[in-house]
Each structure stands twice: as C-alpha cells, then as structure tokens.
Enquirer: 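I'd like to ask you about the structure that follows.
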Amino acid sequence: MYDAIIVGAGLSGLYALHRLRGLGLRAKVFEAAGGVGGTWHWNRYPGARCDVESVDYSYSFSPELEQEWDWTEKFPGQPEILAYLEHVADRFDLRRDILLGTRVVAARFDGGWHVTTETGERVSARYLVMATGCLSVPKPVEVDGLASFRGEWHHTGRWPHEGVDFTGRRVGVVGTGSSGIQSIPVIAEQAGHLTVFQRTPNFSLPAYNGPLAPETRRAVKAAYGLRRSLARQTHSGIPAEPAVQSALEVGHEERLARYQTGWERGSLVGILGAYTDLLIDRAANDTAAEFVRSKIRELVEDPADAELLSPRDHPFGTKRPCLDSGYFETFNRDDVTLVDVREDPIAEITANGLRTTGGSEYELDTLVFATGFDAMTGALTAVDIRGAHGRSLRETWEAGPRTYLGLAAAGFPNLFTVTGPGSPSVLSNMVVSIEQHVDWIADCLAFLEGRTIEATEAAQEAWTAHVRDVGAATLYPAADSWYMGANVPGKPRVFMPYAGGVALYRQLCDEVAAKGYEGFAITG
Ligand code: N01
C-alpha cells in the first residue's frame, strides 16, 4: 500500500513525486508512455514548440535547477523541453519510482484507492493524484474511410519517434489549430506538395523565436526569484506589466501603435495583454482582431487566401492564439494549396487521398491529422474512476465537469486533479499552475496526516457556479473552442477553465487551506 499513486509522468507527475517524497510519503507514478515528459513525449510533430518563453515555462521549485539549466532558444522546441524533463527526472532521482509503459484504466475508492492497470495489475494507495494533463487524449479521426487509405497517416499528438519523411510526398494536413499552424511551415519545406484542409481559421502571431543570448540568460538568472513572483501575480502566469486602460479609451493611432509593439514582441500577451477589456468587451476585442487580420492581409499575397485565413467566427483570444514561425507566409508558396473544408466539407478518406462532398479529389501520400484533443476532461474520464458510492466520474460529469477548485470532486475522497477543470490551467502558463496545484496538494497531505478528505457538495456547487459566472462575464463562451468542449461531438458545452486568473485563484486556494480546508470534510 502506497501513500499516494500519481498517474502521469509529465510536468505535473514529476513534480508531484518530488514534493510527496519530500514529505516522506511513499509515492509511485504510473505512466502509459515509454518515457517521461507527458505532452512533450507524445507531441513530436515537426515544429512542435512551446508558446510560453523557455525561461518562464520551467520549474521554479529548485533555484539550483534554475541556475544550472541553459535554455538555448526564446521559445523551446519539443526536443529541448523533453531533454529538460529527462534531466529533472535524473537530477532528482525520480525514475526509480516511475513505472513506464503502464496505463491506469480504473481506480476505485474503498477507504483507500485501488488502481488497476491495463495489464490487470492492482495497486493500492491512500491518495490518488491524477496528473494526466489537459491535452493528452487525441480526438479520434472523425472522417470515414481512413482504413482504406493506402498512404501513411499520423495524428500530431501521437507522432512516431523515428519521425516522418515528407520528402517529395503529396501531403495533406487536416486542422489549423496550434499543432497545424506549427507543423504546416515545416512540412511545406520538405513536402513535394502540401494541401492544407482548413475548416476554421485561427488567429496567429509571429513568435519571433531565436537563440537566447548568453547575456539575456544571465540577466534572467540573476533575478529569477523576482521574475517568478511577478509571474504568479499576473492573470496568465506569464510575467508582464498589467494593462491599465480600456482599448476604447485611446485613439485609433495610439491603439495601432500599441498593437504593433505587441505584435513585434512575439508573445501570447503582447496584444492580448495590451488593454484591460480585450477579453470582456466585443467592441474592444474587434480592434485587436481587425489589427491581426490586417497583418494576415499584409503577409498573404493572394487576397482570396488571405480572407480565407482571416478568423471572423470568434473574438481574438477566445481560442488560444498560436505563436508561429512563418505560417501565413507558407501560403505564398507555389507548392502549398489551401482548401476550405467549411465551404466544401471532407466527405471521406479514399484509398488514394481525400474527397470532399462537392466531389473534389485530392491525391495524397501522407495525411496529417492536427485535429486536437478531448481536452481537460478526456484524460480523467478515460480512466474508470469510481468514488465512495461506486458512481463513476464519467457519469458524474455527464453534463460537464463539476469540481471544487479544479482540485477535487465531491463523492471522490482523497482524489486530487492537477490542473483539473475549474482551475486556470489551460488559460495560463501551465508550469505556474502545475506548481501551485502540486504545492497545494502536498501541503494538504501534510496537514491530513493520513486522514480522509472530500469536497462537500455545497462547496463544489458554489465553485462550479463561480467558474461559470466568471466565464460568462468574458467573451470566451462566444467561441466554438475546446475550452467549451465544442470540438468533440456530443460533449456538453461548458466553459471548463477558471477565467479569474492565476493570482486571484492562488489567493482563493490559499484562503481555503488557511481556514482548515474550508469546503472539505475531513474524517478519520
Ligand atoms: O487542436 P485544436 P491543436 N474535420 O483543437 C480541425 C495546445 N497546443 O492540437 O476549429 C476538419 O486547437 C479544427 O477545426 P475547427 C494549445 O493550447 C499548444 O492544434 O473544429 N477539421 C481545428 O482547426 C492548443 O490550443 C502548442 O473547425 C477538423 C484543428 O483541427 C491545443 O493544444 C502547440 C476536424 C484542431 O485544432 C490544441 O491544439 C500545439 C474535422 N473532423 C498545441 N476536427 C504550443 O504552442 C478538428 N478539425 C505550446
């Protein structure tokens, strides 16, 4: 019997193991993949890169680690982040308590948690920590006929470790979210011809990625503590000065100049963080959205393609914008074709490629599905988690997730969800949110000393209503996004993350703890 079982060995699971060990607890990590790294283990598609700067998308818990590790680029690529996480696993001697290649399929509470793996192994622990990530279950391909395809196909979220050779190939990419936007320019460099099947255009900004100068690294390291505490005081967990003005308070020229500065900064918050009301006021948002569309018109030579690539269906920022390296410019290449599958939807995959309902046929050697994930709840409901009364989390969340603080669920004692629905999670720099959650859970376990904890129905109801109300006061629900569950057929439309920001959220979590874990029932 362990004190805790942790599911997942990504950023969350690695840190959770380190913290729980530090408390003297016996913890074991179960990881389905053949290596550590979570999302950075699976997402090896060409161009995969983080959209938060490397110096901020990294652990803050160890000042020694901060000082030793040298990031080479402003935005870290997947191989570098994976190397970092492997280094963390070695440096903190984590591997001896991580069981790789072991998928957890079920967990049942009966005084403690009894966990079953895919191979039928059963293990028990007092506490269960789900560190399964928010974007770890790829959506199945929703188009008919894939089995008949004679070529090669891959999902960006399950990319083969040996890589894919596109040289001279006729390649089709379905999907233009972050994964499509990052991979399309790189695939275009290699492919004989690339066809991009776009259903909905997305806002994307140039990353202005590049090598990290040694003097920048030195300056960051010299004031790391300050930088981290600034990040924790922001809305998004990305260190930046807070906006102080409404976009509608300033004149057109001043606003354009401010957006231009934000554009050139190469950051998720460069434009979105420019004014206070971009995510709450449609008229304010329109000014930023139109600025980005004007940039797309400048970058894309063909006016028809430029219009097709210009998002008009959702306010800017209500889907996570992408940071790209040459995305829009890729459509100026003679060997790249943009196909609008909103106008003429994909009918089926055929033996030789893809056919649309309008009867157009595209011959392809390789198909790439950059079609996204069953986000936020997918990895939690994929495991048959059954609480105190035998009821499953899957059933309990049928109409949408209900949690207390995104950390716990009523009816599921001693279960913790790292960056669960109802917490800032995907709206933030994930590492900031992960560390805050793991620290909170570790402090809670130290307080419990083996006792049982369960969120009360009343606290969960109040929190779920608060998450909904805060979300409803923003423009987020105006988008058919994966934040809303809108990308998965049949998934309830609920705005799942907490939009109150990481600073306020941390304060609320700390207050709950300071009041003896208010909203939880503690027994034993
Ligand atoms: O997935 P997405 P993603 N037929 O869901 C299209 C993070 N991330 O993997 O909008 C045709 O955003 C779909 O079209 P539509 C980041 O948080 C981060 O790109 O449904 N098209 C859309 O264009 C991101 O937001 C990084 O009309 C179909 C695309 O596929 C999140 O992961 C990098 C379709 C899916 O876009 C998810 O990004 C990568 C169908 N049946 C990812 N089904 C970083 O930079 C879906 N689509 C850190």
Side-chain angles (χ1 to χ4, degrees), residues 11 38-40 42-54 56-57 75-78 80-81 133-146 154-159 172-184 186 196-205 207 209 236 238 266-268 308-309 311 313-314 317-325 327 338-349 354 356-357 367-376 378 419 425-431 433 479-489 491 496-497:
L11 274 154
T39 199
W40 302 105
W42 296 107
N43 286 269
R44 296 170 188 242
Y45 59 83
R49 190 174 292 289
C50 188
D51 55 7
V52 175
E53 290 186 35
S54 51
D56 299 314
Y57 190 84
F75 291 106
Q78 173 272 332
E80 192 169 16
I81 305 174
C134 296
L135 293 153
S136 46
V137 176
K139 277 205 310 172
V141 173
E142 290 156 357
V143 189
D144 291 339
L146 188 59
H154 302 285
H155 189 287
T156 47
R158 287 288 179 273
W159 205 255
V173 175
V174 181
T176 51
S178 300
S179 305
I181 286 175
Q182 288 188 333
S183 59
I184 282 163
V186 188
V196 176
F197 298 95
Q198 174 191 271
R199 191 163 66 182
T200 314
N202 260 302
F203 290 100
S204 187
L205 315 168
N209 187 37
S236 64
I238 299 172
S267 163
L268 279 177
L308 212 51
L309 289 162
D313 68 305
H314 65 278
T318 54
K319 286 182 171 185
R320 190 172 176 113
C322 190
L323 292 187
D324 70 86
S325 297
Y327 175 65
L338 178 64
V339 174
D340 179 4
V341 294
R342 168 79 57 196
E343 177 71 22
D344 183 10
I346 300 171
E348 61 171 346
I349 309 292
L354 186 155
T356 64
T357 51
L367 258 169
V368 173
F369 293 94
T371 42
F373 301 88
D374 182 355
M376 306 203 67
T419 63
S425 59
V426 292
L427 299 181
S428 71
N429 173 354
M430 284 302 286
V431 191
S433 288
D480 286 336
S481 65
W482 56 257
Y483 298 148
M484 296 289 299
N487 66 327
V488 174
K491 194 166 172 172
M496 294 182 282

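In listed order, ligands and their atoms are each counted from 1. Note that the numbering runs from 1 along the sequence shown for the chain. Computed over heavy atoms, backbone and side chain alike; hydrogens, waters and symmetry mates excluded.
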Enquirer: So, using salt bridge (Lys or Arg N to Asp or Glu O under 4.0 Å) as the criterion, who are the partners of Asp340 when residues are at least two apart?
Expert: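 Per chain and number, Asp340 pairs via salt bridge (Lys or Arg N to Asp or Glu O under 4.0 Å) with no residue.
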
Enquirer: Answer yes or no: is there a donor N or O on one side and an acceptor on the other, between the side chain of Lys491 and the main chain of Gly378, under 3.5 Å?
Expert: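 Side chain of Lys491 to backbone of Gly378: no pair is present.
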
Enquirer: Kindly tell me which protein residues have any non-hydrogen atom under 4.0 angstrom away from an atom of ligand 1, grouped by chain and ordered by number?
Expert: Tyr45, Arg49, Cys50, Asp51, Leu135, Lys139, Glu142, Val174, Gly175, Thr176, Gly177, Ser178, Ser179, Gln182, Arg199, Thr200, Lys319, Arg320, Arg342, Ala370, Thr371, Gly372, Phe373, Trp482

Enquirer: Sequence neighbours excluded, which residues qualify as ring pair (Phe, Tyr, Trp, His ring centres under 6.0 Å) partners of Phe75?
Expert: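 Checked Phe75 against ring pair (Phe, Tyr, Trp, His ring centres under 6.0 Å); zero matches.
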
Enquirer: Go through it in stages, so that I can follow the logic: the residues are Leu135 and Trp42, the test is side-chain contact (heavy atoms from CB on, under 4.5 Å), and I'd like the CA-CA distance, side-chain angles, deciding distance and then a yes or no.
Expert: CA-CA 11 Å; Leu135 293 153; Trp42 296 107; over 6 Å; no

Enquirer: Among residues at least two apart in sequence or on other chains, which ones pass ring pair (Phe, Tyr, Trp, His ring centres under 6.0 Å) with Phe203?
Expert: His314, Phe316

Enquirer: Any chance the side chains of Ser236 and Asn429 put a donor and an acceptor closer than 3.5 Å?
Expert: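 There is no such pair (donor and acceptor under 3.5 Å, judged by atom type) between the side chains of Ser236 and Asn429.
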
